2 protein chains.
Amino acid sequence: MSEPKDYLGHFEEIVLLAVMRLAENAYGAKIRQTVAEATERDVSIGAVYATLDRLERKGYLKSWQGEATPERGGRAKRYFRVEGAGVQALNDTNGARNRLAHGLDFGLDVA
Amino acid sequence: MSEPKDYLGHFEEIVLLAVMRLAENAYGAKIRQTVAEATERDVSIGAVYATLDRLERKGYLKSWQGEATPERGGRAKRYFRVEGAGVQALNDTNGARNRLAHGLDFGLDVA
DNA sequence: TTCCATATACTAGAATGTAGAACATAAGGT
DNA sequence: ACCTTATGTTCTACATTCTAGTATATGGAA
């Protein structure tokens, strides 16, 4: 039966989901904003990049430099995309939780 | 509006769910077993207790000593129960995730 | 060429995750 | 009584993740 699965930390999961959701628009600053909205709290940009780097190192996502000449000024963006392994990790993480939460009624916020 | 919410780490969430699920049968060794089954990997007993202690310190759960004379031998159990604040934290943690995951199709393992 | 806005990189300390050995307690056999 | 076995918990230490804060990079506009 397979190697031990690799589970994501809470923030890693959140960031990975944000990248997924933003699709072709996923770059640091925007990701930060998305995460802040979803978590309803201030998230430092450093926190986001540290996590993105770690996720990339693990092969869960990939990044590349955006256009060298942005439209309105400012540094070039670094875009991110979730890789297959990232989706897998997301699934595994969710699986463990689901097996435990299934059938439990604790007043879930059903969005 | 309100103070910044408190989110649970991955393992904290798993352990809290296990305690909830085990109900009146939630004590260290059993919790460990439940968590191991759900995550499909070996979980050291130390990892479980360290997390239980931290969760108790934060007020997410409560513990007390079980019977002084267990049926078959061995040390008395220490039972755990999730408190209201724990349920709240579970909800908040879930909420943030839901807001991001909602509508995203990445092949969820629907158990 | 200075200032401002947008972005990313780096660093450090706190919190969480994780393992393993030590300790505690009781039942049962001999 | 004493030792072995079965349960269960406590303690300690270290690795990884979380998080904030500060520094650096780059281009447009005044």
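Each chain gets a letter, A, B and so on, in the order the sequences are listed, and its residues count up from 1. Predicted, not measured: the structure shown is a model, and the values here were computed from it.
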Task: Length of the line joining A:Leu52:CG and D:dT17:P, which is rounded to integer Å - done: 14 Å

Open item on the list: How many whole angstroms separate atom CG of B:Asp53 from atom C1' of C:dG17?
Closed with: 14 Å

Task: Phosphate OP1/OP2 of C:dG17: any B:Arg54 side-chain N/O under 4.0 Å - done: no

TODO: Please state how far atom CD in A:Glu13 lies from atom P in C:dT16, giving the value in whole angstrom units.
DONE: 17 Å

Task: Closest to the B:Tyr27 side chain, choosing from C:dG17, D:dG8, C:dG20 - done: D:dG8

Open item on the list: Side chain of A:Glu12, heavy atoms from C-beta onward: which of C:dT16, D:dC18, D:dT19 has the nearest atom to it?
Closed with: D:dC18

Task: For atom CZ of B:Phe11 and atom C1' of C:dG17, their distance in whole Å - done: 7 Å

- [ ] Run the numbers on B:Val15 and B:Phe80 for side chain to side chain contact (heavy atoms under 4.5 Å, CB included), then give the verdict.
- [x] CA-CA 11 Å; B:Val15 168; B:Phe80 294 84; over 6 Å; no

- [ ] Starting from the 5' end of DNA chain C, give me the residue, A:Phe80 or A:Ala50, whose nearest nucleotide shows up first.
- [x] A:Phe80

Task: Pairwise 5' ranking along DNA chain D for A:Val43 and B:Tyr79, keeping only the more 5' one - done: B:Tyr79

Task: Short side-chain N/O contact from A:Arg32 to OP1 or OP2 of C:dA7, under 4.0 Å - done: no

TODO: Using a heavy-atom cut-off of under 4.0 Å over every strand shown, decide if A:Gly46 touches base, sugar-phosphate, or nothing.
DONE: base

Open item on the list: What is the separation between atom NZ on A:Lys58 and atom P on D:dC18, rounded to the nearest whole Å?
Closed with: 8 Å

Task: Rounded interatomic separation in angstrom, taking CD1 from B:Ile31 and P from C:dG17 - done: 15 Å

Open item on the list: Tell me whether A:Tyr27 shares a hydrophobic cluster with A:Val43, the cluster being built from Ile, Leu, Val, Met, Phe, Trp, Tyr side chains joined at under 4.5 Å.
Closed with: no

Task: Rounded distance (Å) that lies between atom C1' of D:dT26 and atom CZ of A:Arg78 - done: 16 Å

Open item on the list: What's the closest nucleotide to the side chain of B:His10 if the choices are D:dT22, D:dA20, C:dG17?
Closed with: C:dG17

Task: Test log, rule side chain to side chain contact (heavy atoms under 4.5 Å, CB included), inputs B:Tyr79 and B:Glu24 - done: CA-CA 8 Å; B:Tyr79 288 100; B:Glu24 38 281 316; over 6 Å; no

Open item on the list: For A:Glu13 and A:Thr93, which I'm curious about, is there any donor-acceptor pair between the side chains at under 3.5 Å?
Closed with: no

Open item on the list: Please determine whether a side-chain nitrogen or oxygen atom of A:Lys77 lies at a distance below 4.0 Å from atom OP1 or OP2 of D:dT26.
Closed with: no

Open item on the list: If the test is side chain to side chain contact (heavy atoms under 4.5 Å, CB included), which one of B:Val48, B:Leu8, B:Thr51, B:Val35 qualifies with B:Ile14?
Closed with: B:Val35

Open item on the list: At less than 4.0 Å, is any side-chain N or O atom of A:Arg75 found next to OP1 or OP2 of C:dA5? Yes or no.
Closed with: no

- [ ] Write down the distance between NZ (A:Lys5) and C1' (C:dG17), rounded to a whole number of angstrom.
- [x] 20 Å

